[in-house]
> 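Structure incoming, see below.
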Protein chains: 2
Amino acid sequence: MTDRRNVLWIMCDQLRFDYLGCAGHPSLKTPNIDRLAARGVRFTNAYVQSPICGPSRMSFYTGRYVHSHGATWNAIPLPAGEPTLGDHLRAEGVRSVLVGKTHMKADLDGMMRLGIDPETEIGVRIAECGFEPYERDDGLHPDGPYDPDPRYDDYLREHGFDGENPWEQWANSAEDEDGRILSGWLLSHADKPARVDEPHSETAYMTDRAMDFIREAKADARPWCLHLSYIKPHWPYIVPAPYHDMYGPDDVLPPVRSEEERRDPHPVYASYMTERFSRAFSRDEVRERVIPAYMGLISQIDDHLGRLMDFLEAEGLLETTLIVFTSDHGDYLGDHWLGEKELFHTPSVKIPLIIADPDPKADATRGSVSDALVEAIDLAPTFLEYFAGKTKPNVLEGASLMPHLRGDTVSEWRGYVISECDYAMRRARTDLERPVARSRMFMICDGRWKYVYAEGLRPMLFDLESDPQEFTDLGADPAHEDERARLKDALFAWSRRVHNRITITDEQIAAKAGGELRGGILIGYWDEDEVEEARRDQKPGAPL
Amino acid sequence: MTDRRNVLWIMCDQLRFDYLGCAGHPSLKTPNIDRLAARGVRFTNAYVQSPICGPSRMSFYTGRYVHSHGATWNAIPLPAGEPTLGDHLRAEGVRSVLVGKTHMKADLDGMMRLGIDPETEIGVRIAECGFEPYERDDGLHPDGPYDPDPRYDDYLREHGFDGENPWEQWANSAEDEDGRILSGWLLSHADKPARVDEPHSETAYMTDRAMDFIREAKADARPWCLHLSYIKPHWPYIVPAPYHDMYGPDDVLPPVRSEEERRDPHPVYASYMTERFSRAFSRDEVRERVIPAYMGLISQIDDHLGRLMDFLEAEGLLETTLIVFTSDHGDYLGDHWLGEKELFHTPSVKIPLIIADPDPKADATRGSVSDALVEAIDLAPTFLEYFAGKTKPNVLEGASLMPHLRGDTVSEWRGYVISECDYAMRRARTDLERPVARSRMFMICDGRWKYVYAEGLRPMLFDLESDPQEFTDLGADPAHEDERARLKDALFAWSRRVHNRITITDEQIAAKAGGELRGGILIGYWDEDEVEEARRDQKPGAPL
């Protein structure tokens with residue numbers, strides 16, 4: 001064991017908050033994640049800043065709201081100037097390292113404007129949203145515009161899984177009795193095993209790569225924050241044996257949906273109901289075919305996390321490594337007549353979040369559950385505080401979770417969480433004839449009330465206490481005008497906040513106040529006597 | 001005459017909108033500026049994004065609101081990643097050149113994070129908010145923390161004005177009968193001539209330097225946007241002969257103020273009334289001593305602009321150069337019991353703005369006056385459209401003024417202007433015990449109603465139609481609840497806007513929509529038949 005502290009930050013993609021044994025799923029087996037929860041704190045009210053990969057991750061990686069960093073949907077580049085978690089940790093001597101997915105799209109125009117060559121060390125780092133890319137793999141390599149030749153494809157070829165696109169043809173396809181390839185993208189194939197053998201699947205490979213990094217990092221004195229970012233259980237919903245038939249239709253929970261929801265849905269919600277993925281997941285045969293695969297993918301991740309924990313223990317790192325397990329957003333899986341994510345119902349906007357802090361100060365909270373209102377942007381300041389004992393509130397808009405982990409009295413905590421939705425890339429924009437820049441919705445939730453402000457459209461409102469399943473939209477109910485006004489006001493206060501004064505701290509501003517006289521700037525003085533008098537009276541730091 | 005187009009963008013510092021002959025001042029002589037107005041359009045409702053140098057200028061130079069760029073007060077660095085007017089023009093082959101003041105403070109931390117050496121060409125440009133600094137001089141060089149040795153000091157020494165700090169000792173000081181130096185910072189000396197002789201004053205020197213640049217630029221094929229940015233009539237209020245006694249107490253207009261304003265002022269306003277500069281300018285002897293000097297400084301600028309226009313004409317550039325005359329904010333000069341600027345009364349937040357467009361298409365508007373609601377951030381898109389026939393609405397938050405200059409039908413124009421005030425550096429913050437980040441006010445004005453939202457405090461409201469002098473604060477008047485609610489809603493809409501999605505245009509987003517199938521990402525398909533069908537039906541660009 002060493003004194004060096006590390007962070008292992010494990011992220012799944014599209015993992016629902018409630019698809020874990022420890023979160024109460026009746027038949028899903030996740031013993032290793034449950035064991036992690038027993039060693040740490042499980043947060044039951046953790047929300048993402050936007051329920052879709054790109055913007056959600058950019059908020060995780062910058063510690064800033066989508067409104068602040070501007071990458072409002074997938075494939076919208078994070079501006080090159082945005083400071084990242086990697087920058088903040090690097091300044092404290094900590095390596096920030098990536099194995100897996102970020103969904104980052106590099107701001108090449110911005111880099112060119114700033115004279116930054118994407119091939120240099122700093123260029124690579126900016127293009128990878130602040131990480132040192134030990135293994136970058138966004139986990140989507142169809143025969144399209146994505147990276148045509150990731151390292152994982154070479155790995156597959158080296159292990160006998162040859163082909164033009166081994167990712168697509170082996171790791172994410174099945175085959176029929178005649179050896180014909182069946183695309184894993186297609187939901188009808190979700191019950192078949194992936195062609196790749198399990199030890200060479202993506203989840204196995206990325207876990208191996210994380211261990212490779214950890215082994216190599218032993219020769220380096222610097223502490224690290226390793227972001228192990230799995231693509232699964234995200235699409236394609238296909239998993240190798242034995243996980244493909246570990247679960248069956250009997251394990252599929254009934255969809256959380258109601259006919260009431262289809263009577264007069266909010267226009268954006270109504271449009272999402274008509275999306276292909278929603279229509280698919282509203283069919284029982286799709287849910288019964290896909291959800292067992294989804295669960296198999298989760299149990300597979302769990303097994304590899306068990307392997308990883310054993311490795312950490314063997315390396316003597318378990319007691320110095322803060323371990324985080326989370327996801328970038330959820331998955332409707334047919335709840336609310338929807339598939340995929342993006343909107344603000346609980347299965348989409350809430351995420352699993354478990355943090356196991358090895359510090360003895362955290363002993364009091366081990367195995368506990370916290371219902372504090374947590375946002376994805378809280379992780380960056382948590383890590384910074386863990387390593388450096390401080391945060392950067394002028395840049396990082398989240399709050400460190402350390403007091404929750406160490407059982408400290410949390411005297412002041414946020415009263416609500418915010419999430420954002422940009423539906424400009426979806427048919428809802430054209431259906432509703434909305435301008436691109438105003439195809440936006442904001443969620444504000446105080447734990448009980450969830451209010452959704454939709455630009456140019458009516459709002460939504462749910463009472464999570466009387467209606468935890470979110471079937472009854474009170475957005476137009478005159479009886480709840482006060483709640484809507486209160487939450488709208490809070491949203492207004494949030495939107496007015498200073499989001500971009502990232503170059504100076506509040507403390508620096510307070511210290512600068514009144515510095516003009518000290519600097520020789522004499523504003524408002526009639527004559528020498530007044531200046532003399534003021535110089536005599538001046539208290540350092542006091543405004544004049 | 002050449003086909004090459006240029007922009008000459010002249011900015012004064014702290015020049016009130018109404019201190020020009022053409023703006024109706026009864027005794028102030030500004031014949032050259034008046035002549036420029038006769039050749040162009042004079043805008044009577046031009047507002048700055050914040051009535052103080054630093055943030056106002058950062059908005060001018062980025063074309064973005066203070067809420068977006070984050071440099072909320074003087075000496076708060078503009079983040080290194082913020083794109084500037086200079087960047088946008090450079091991409092079109094146009095040089096963006098500075099002679100004079102910007103009040104930019106470089107974001108050295110941000111540059112270091114991005115690996116940008118401040119000594120390189122790009123580093124210098126970023127440190128100068130996008131300009132190529134032909135002559136950078138912020139015009140404040142007291143014996144304090146400012147640049148101790150600007151080029152102007154060497155120039156003064158070369159011309160016989162020797163000393164440790166010639167800027168302070170010669171250009172901004174007077175002397176008494178015994179040759180003792182009298183600081184120009186002190187208001188009691190404002191009626192004395194500066195020690196420097198006029199042709200070597202700052203205004204003269206900067207005008208000379210602008211001409212030097214224009215001469216040198218003839219050898220360069222690139223068009224230019226030259227920002228000639230005078231420090232005057234900003235403090236120190238002192239001017240060389242013969243301007244020091246060109247105006248006298250008889251030229252001083254009575255202060256625009258009323259006892260009503262002192263009865264129950266808004267708490268922030270009340271605190272500003274107690275600032276030293278406000279107490280000073282509430283005294284008649286101060287106004288009578290200072291305002292004639294302020295007027296002399298303006299007439300001096302006017303004379304040098306006459307010299308500059310003659311030069312442009314002689315160089316054959318007058319007919320290809322778009323000329324802008326403006327200021328970064330106003331000056332209370334004792335109106336409303338205030339000195340300086342920062343708050344939102346008209347003398348502080350409104351600026352003079354004259355634009356003379358040489359294009360024949362602008363002939364119809366020459367000599368006209370426009371009362372359109374204009375913001376400082378409109379200049380950047382105006383210049384970009386002038387040079388390149390397009391703007392960048394995803395980055396530039398203002399609107400091009402070209403239609404107003406060319407007499408085109410302006411079918412859609414903004415309904416209100418926004419300005420912001422950060423009083424964290426002022427005693428108002430400590431007086432009112434406000435947190436630094438919430439020592440903020442927002443103004444929204446629709447031309448008739450001016451509403452001021454003050455974080456955590458009551459709002460202000462003025463009816464500019466019935467009360468053009470802004471004596472009656474209707475912020476608490478129950479009769480005007482509707483106006484306040486309407487303007488508050490509009491401010492909320494503004495604050496929710498997408499301010500930071502600068503890496504992609506709305507058109508690019510619309511074109512990307514529905515691109516998943518084309519990219520091989522098959523989300524929601526049950527089997528091959530569905531994919532086949534979708535591929536057949538797909539219209540390019542249409543969401544699926």
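Numbered from 1 within each chain, the chains take letters A, B, ... in sequence-line order.
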> Show the nearest heavy-atom pair for residues B/Arg429 and A/Ala513, with the distance to one decimal.
NH2-CB, 3.8 Å
> Could I get the full list of salt bridge (Lys or Arg N to Asp or Glu O under 4.0 Å) partners for B/Lys488, not counting sequence neighbours?
A/Asp489
> Is B/Arg113 reaching over with its side chain to a backbone N or O of A/Gly81, donor-acceptor style, under 3.5 angstrom?
yes
> Chain B heavy atoms under 4.5 Å from A/Ile76: which part of the residue, side chain, backbone, both or neither?
both
> Can you tell which of B/Phe281, B/Trp235, B/Tyr237 has the highest number of heavy-atom pairs within less than 4.5 Å of chain A?
B/Trp235
> Please flag which part of A/Glu528 lies under 4.5 Å from any non-hydrogen atom of chain B: side chain, backbone, both or neither.
both
> Quick one: which of A/Ile509, A/Ile504, A/Val286 has the most heavy-atom pairs under 4.5 Å with chain B, could you say?
A/Ile509
> Relative to chain B, which segment of A/Ala437 carries a heavy atom at a distance below 4.5 Å: side chain, backbone, both, or neither?
both
> With only heavy atoms counted, which part of A/Trp494 is less than 4.5 Å from chain B, the side chain, the backbone, both or neither?
neither
> With chain B as the partner, which of A/Asp431, A/Asp109, A/Leu491 has the greatest number of non-hydrogen pairs under 4.5 Å?
A/Leu491
> Quick check on A/Pro435 against chain B: is it the side chain, the backbone, both or neither that has a heavy atom closer than 4.5 Å?
neither
> Please classify the contact between A/Leu108 and chain B as side chain, backbone, both or neither, with a heavy-atom cut-off of under 4.5 Å.
neither
> Which heavy atom of B/Trp185 sits nearest a heavy atom of A/Ile523, and at what distance?
CZ3-CD1, 4.2 Å
> Looking at chain A, which one of B/Asp506, B/Leu78, B/Ile502, B/Val531 has the largest number of heavy-atom pairs inside 4.5 Å, strictly under?
B/Asp506
> Given the options B/Gly70, B/Ser183, B/Ser188, which has more heavy-atom pairs under 4.5 Å with chain A than any of the others?
B/Ser188
> Answer with side chain, backbone, both or neither: which region of A/Ala75 has an atom nearer than 4.5 Å to a non-hydrogen atom of chain B?
both
> Show the nearest heavy-atom pair for residues B/Ala280 and A/Gly524, with the distance to one decimal.
CB-O, 3.5 Å
> Could you pull out the closest heavy-atom pair between A/Ile122 and B/Gly115, with the gap in Å?
CD1-CA, 3.2 Å
> Could you have a look at A/Arg283, A/His69, A/Lys105 and say which one has the most heavy-atom pairs with chain B under 4.5 angstrom?
A/Arg283
> In chain order, what residues pass the side-chain contact (heavy atoms from CB on, under 4.5 Å) check against A/Arg440, with sequence neighbours excluded?
A/His67, A/Thr72, A/Glu420, A/Asp422, A/Phe442, A/Glu455, B/Val498
> Looking only at non-hydrogen atoms, find the nearest pair between A/Glu530 and B/Arg276 and report the distance.
OE1-NH1, 3.3 Å
> Can you list the steps and then say if A/Arg496 with B/Tyr453 is a side chain to side chain contact (heavy atoms under 4.5 Å, CB included)?
CA-CA 10 Å; A/Arg496 284 190 318 266; B/Tyr453 188 94; 3.2 Å; yes
> Can you say whether A/Ser439 sits under 4.5 Å from chain B via the side chain, the backbone, both, or neither, judging by heavy atoms?
neither
> Heavy-atom pairs under 4.5 Å with chain B - which of A/Leu114, A/Thr120, A/Asp107, A/Ile126 has more of them than the others?
A/Leu114
> Give the minimum heavy-atom separation between A/Pro79 and B/Thr503, together with the two atoms involved.
CA-CG2, 3.7 Å
